[in-house]
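Data first, discussion second: the structure below is written as structure tokens.
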Amino acid sequence: MLNNNNLVSAFKRYDFSFFGIACGIFLVGIINLYSATHATTRDVAEGLYLTQVMWFFLSAAIGVFVSFINTKTWHRLSYFAYAFVCIILIAVLILGHSSMGAQRWISIAGVRFQPSEITKLAVVMCLARWFSRLQNDRETGLKDLIIPFLIAMLPALLIIVQPDLGTGMLVIVISFFMAFYRKLKWQSLAIIAMIVIVSGSAMYKFGLKEYQRKRIVTFLDPSADAKGSGYNAIQSKIAIGSGQFFGKGFRKSSQASLNYLPENHTDFVFAIFNEEHGFFGSLLLISLYLILFYRFLWLSTSVNKFFDSLLVIGMLGIFIAHTLINMAMVTGLMPIVGIPLPFMSFGGSSLVTLFVCIGIATQISNSRNLF
Amino acid sequence: MFGEDDIVKSHKQRVDTMANIIVIFFGIIVARLWYLQIYNGKLFFRYSLENRLRKEVNPAPRGMIFSRNSELLVHNVPRFDAIVIPQYLKDSEESIAKLAHILDMTVDSVKKILQKTATQASYRPVTIKKNISPQELAIIETENSKMPGVAVSPFISRMYTDQEIGAHVMGYISEISQQQLPKYRKRDDFNYKLGDFIGQAGLEEQFDLDLRGEDGYQFMEVDAQGRMKKHTLGDSLLKGISNQPPVPGNNLRLTIDRDLQRIAYRTIKNQAAAVVALDVQTGEVLAMVSTPSFDPAQFSRGLTPEYWQSINDDERNPLRDRPIQEHYPPGSTFKTITAIAALEEGIVDEKSEVICTGVFKLGKRPIHCWQKNGHGTVDIYRAIRESCDVFFYKIATKLDIDVLAKYARLLGFGSRTGIALPRETSGLIPSKEWKKKRNGVDWQVGDTISCVIGQGYILATPLQLAVAYASIANGGKLYRPHLVKEVFNNNGDVIKRINPELMSEPRISEKTLNIVRKGLYQVAQQPGGTAYWYRGQGIEMAGKTGTSQVMRFSADKIHNRCEDNEYKMRHHGLFVAYAPARDPKIVVSVLVEHGCHGGSSGAPVAQAIITKYMEKYYPELRKKIMDQEKKESRLAPIHQFASEALRGFDSAGNINVDENAIPAAATAPVDE
């Protein structure tokens, strides 16, 4: 029974830092999105930012709700969630809407949803439970990784054949991130690195679709491109570079307004942001992200349940992988793989997942000293 | 044993390592940003503002269409728009006045167009007049220096060499509409944009993906003044973009013969009519014409409101492709199918005889033959030759409608032929089940009576009739009608070859076919036959006339002259024929809306087409037939419609061959 005192103390105990930072980044993001789509002549982008604001309220509400759910529930549900997600992914392959040649969407009550988004979270929960099963602090070797590897690979492969290579790889990267935290031996790390290099080159040769291969070739040698993927990369670089130190100013992006940048409301928002706010602006933005990440790192060491700790690390993995890959891709350090920037890119499914993570982290933080 | 929080603490070292790695990675990103924004910032800034890199699309030339003998039917011609680039308009008043004078427009109307687009960037060209004439082009080009800001912009327009002849087969292209965009993107998995031209009808639509080609693009630098210059691809930072030349679309070679197409069109151009000519042995479409027609080129260069109005106002709907998109009651041309069913089922044979008094009694109800006074004794040959209704009414009392439907389907009725053209209709072959489902009423003998003479519920397209008669002529093989022989690229390499496709093997006995073919032969070759007057010379035509009722008439008006009725109430005239009878090469199906009689309206058209075909492809065979005809030295006069038809055969209507005007009662349900 909650009485007033309990309410007040619950309020005092409530950790607002996660929601605070997330909303801060989202605010920057929505202003940027408005600017990126404002000048566009393409009809599809009109009013996108309003849609995004609606998604924000929905996601934040879900996040706050989640912040009152004890992690025991997640522990209990984790395997079911994992199985459920795998079934949904198979359903998408069979029934999904195809967009630009890829089967990534399903409709739930008229709302198009991208199940690969919640997959990441389900995999993180599942792995957290699996790793926390071993109640000791031994180092992890390759043998211990067989089951986690299978847990990660099944949904990853289902996503890759959609085809969405970027998100599929992301699931693997996040899983690896958790394994590293679970004291993966350095020798094992070296072996895995070798396997990745060998199988990666084999996959490139046999397993990739033409356009995916083209993207990698484009990255390695932009002059080899004839279809215009290199054009995107160059336009993105022009946009970023032309921002210089202080940027051109709000709504002054010429690259966005003339539609030089494709997908300027999703994958390339960071380029627009850099063009308008320059080096200075992106330093501030990156700082915001880093503060969020350090809150996660701090949280992972100050909880007293190993499952919670693993869960926090896994969610951190989701954030870091998205942020780093997107920034590296937009600045021309990586091939273009279509990974959104957390809280900045347009996209409802992504926002829901991110706020669920924020909610879980908040709950863990709140319950930290409850005994 | 550890406590759980000890396990967590023991992982702190890993967390510290991860923190370091994160710092290193973001350090790399920041360094990269510094390199782009600070170190190279000025350079990129120049690119983004002063030298805007623009991707200009070079549209691919659309594929051409050729006739079976490689005559060019559809190609592209450059045309020009008069444009103004507001940025360069210096003495605007003077230039606009000059331009208006050249284009024969008022100064105000030019200014209005410019005002409408005043909000867009001033380096964007504004189209003042589309598709200017060569004279206007020449004047603008020479006066260019005196009118800064005025220019011409080329675009590629579709040219149809025979204009409205066969326009329905060729179809047309026009800009993709807002509504089509999402649908077509999904259909073709191709990112269409507004302003893209796509095929909207006929072959242009059906073979759009083949004809379209692949647009190229080139990168242009646009300087601060908005002027374009070819991108030099010199700067190492812009390394990696290259121009892409357009890939021209593929060409089509059709099965269509241009001469037959022209003759077919000329013979029916004043009517609302459909003509299909097929090769009997392959199903190749030799001619396919629908009237009234339209000029497809008008669509590709942007319709003028007047032209659109004229098409819209024509009640006969010129955009409709009658041979495949319109179905009609086939009338007496369907009696052939009834005869086949009756012969195959043993209901009649070649010796069966019926006495026609002009009236058939179904219970107490009289049903009339078109021949008021009756035909007398009629066997199957005479029944076909003179199209005696009573003979078939008798069959109807013994023939189950589902059995008739089975034979009709064997000959391709009741389903789409699958010709490579969009929006084909399937016609209708009724069955007991169909009527029950549709009307909730059981099938009655009266319904069958209507169906056996091709009235009532039965509907067929002119193309289906041609396909069925080709099958009768070639011994029962049913070929899918096909229009495109091959798809080939500009080097002449064949990309796709489309071979004749047999839809079904013969399923009707040769004996039955022989009897029916003999009847059809007599229709045109024996005195008394409904098409005897139009048999022509040296073509040995065999066929069947038909009249399909548009309106039901009361008993006293049944035998009135059709021509006395109002245009909209007159019967449709049909004629389907193949030739030469003993060695069939070509089948022609003609339908003339409100043409009154199949013989007088349809047969001359078929005669003209067949004559031309024989002259062109089988001159020796034709000569042989002519010699034979001379030997038989018929005394009966022959009307030379082949030549008359080319001049317009208005006189043909005067000849009084009172063919089978179907009595109204025959189609009325027996429920009184």
Side-chain angles (χ1 to χ4, degrees), chain A residues 98 100-101 135-137 177 180-183 218 221-228 230-231 233-235 237-245 248 254-255 258 260 274-275 278-279 282-283 286 289-290 293-294 297 300-306 308-309 313 316 320 323-324 327-328 331-333, chain B residues 1-19 21-23 25-26 28-30 32-49 52-55 120-121 178 185-186 189 191 193-194 217 219 222 233 237-244:
Chain A
S98 126
M100 308 292 276
Q135 291 283 342
N136 59 46
D137 69 341
F177 192 74
F180 179 79
Y181 171 73
R182 184 64 193 83
K183 293 193 178 175
T218 302
D221 176 14
S223 59
D225 169 53
K227 285 281 176 189
Y231 177 69
I234 284 165
Q235 289 299 352
K237 276 198 276 179
I238 291 179
I240 292 171
S242 66
Q244 302 189 75
F245 193 77
K248 293 175 184 168
S254 61
Q255 299 295 105
L258 289 172
Y260 289 150
N274 270 283
E275 189 183 1
F279 187 64
S282 42
L283 277 187
I286 289 174
Y289 278 112
L290 284 179
F293 300 159
Y294 275 84
L297 284 173
S300 76
T301 58
S302 49
V303 293
N304 29 39
K305 274 184 274 170
F306 194 36
D308 290 3
S309 176
I313 288 295
L316 174 64
I320 289 188
T323 313
L324 267 180
M327 287 182 176
T331 52
L333 289 170
Chain B
M1 274 309 284
F2 287 98
E4 215 180 327
D5 42 347
D6 294 325
I7 299 175
V8 172
K9 287 207 178 76
S10 79
H11 285 80
K12 181 147 188 348
Q13 207 195 339
R14 281 290 159 117
V15 173
D16 291 341
T17 315
M18 283 157 88
I21 294 172
I22 292 169
V23 168
F25 272 124
F26 277 94
I28 295 172
I29 299 279
V30 170
R32 175 68 173 178
L33 288 172
W34 178 84
Y35 172 78
L36 292 174
Q37 296 182 304
I38 311 297
Y39 189 75
N40 276 319
K42 283 218 168 73
L43 186 70
F44 281 119
F45 187 71
R46 185 168 63 82
Y47 268 113
S48 81
L49 282 189
R52 290 192 170 130
L53 194 62
R54 196 177 298 165
K55 194 174 171 183
Q120 72 176 32
Q178 191 91 49
R185 275 184 186 152
K186 203 164 182 185
D189 199 13
N191 194 20
K193 300 176 296 295
L194 280 181
Y217 48 80
F219 292 100
V222 186
L233 306 173
L237 275 167
L238 295 177
K239 188 175 84 162
I241 46 180
S242 54
N243 301 335
Q244 172 92 355

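All chains are named by letter (A, B, ...) in the order of the sequence lines, taking the proteins before the strands, and each is independently numbered beginning at 1.
When heavy atoms are compared at a cutoff of 4.5 Å, A/L297 approaches chain B by way of both its backbone and its side chain. If you measure heavy-atom distances from A/I320 to chain B, the contacts under 4.5 Å come from the side chain alone. In this structure, no portion of A/D308 lies under 4.5 Å from any heavy atom of chain B. With a 4.5 angstrom heavy-atom cutoff, B/L33 touches chain A via backbone and side-chain atoms both. Contacts between A/T331 and chain B at a heavy-atom distance below 4.5 Å involve backbone atoms as well as side-chain atoms. Interface residue A/F293: only side-chain heavy atoms are found under 4.5 Å from chain B. In this structure, no portion of A/Y289 lies under 4.5 Å from any heavy atom of chain B. Contact annotation for A/S300: both backbone and side-chain heavy atoms come within less than 4.5 Å of a heavy atom of chain B.
In terms of heavy atoms, B/V30 sits closest to A/F279 at O-CE1, 3.6 Å. Considering every non-hydrogen atom in both A/E275 and A/S242, the closest pair reads CG-OG, 3.6 Å.
Interface remark: of the candidates A/G278, A/S282, A/G243, A/G278 forms the most heavy-atom pairs closer than 4.5 Å to chain B. The candidate from A/L316, A/I313, A/I286 with the greatest count of non-hydrogen atom pairs under 4.5 Å with chain B is A/I286.
Here the side chains of A/F245 and A/L283 are not in contact, with every heavy-atom distance at 4.5 Å or above.
The structure places CZ of B/F45 at 12.5 Å from CD of B/Q37, a figure rounded to the nearest 0.5 Å. Here B/I28 contributes atom CD1 and A/M327 contributes atom CE; the two are 13.5 Å apart, rounded to the nearest 0.5 Å.
At least one donor-acceptor pair closer than 3.5 Å links the side chain of B/R14 to the backbone N or O of A/F180.
Atom OH of A/Y294 sits in a crowded spot, with more than 12 heavy atoms from other residues, nucleotides or ligands closer than 6.0 Å.
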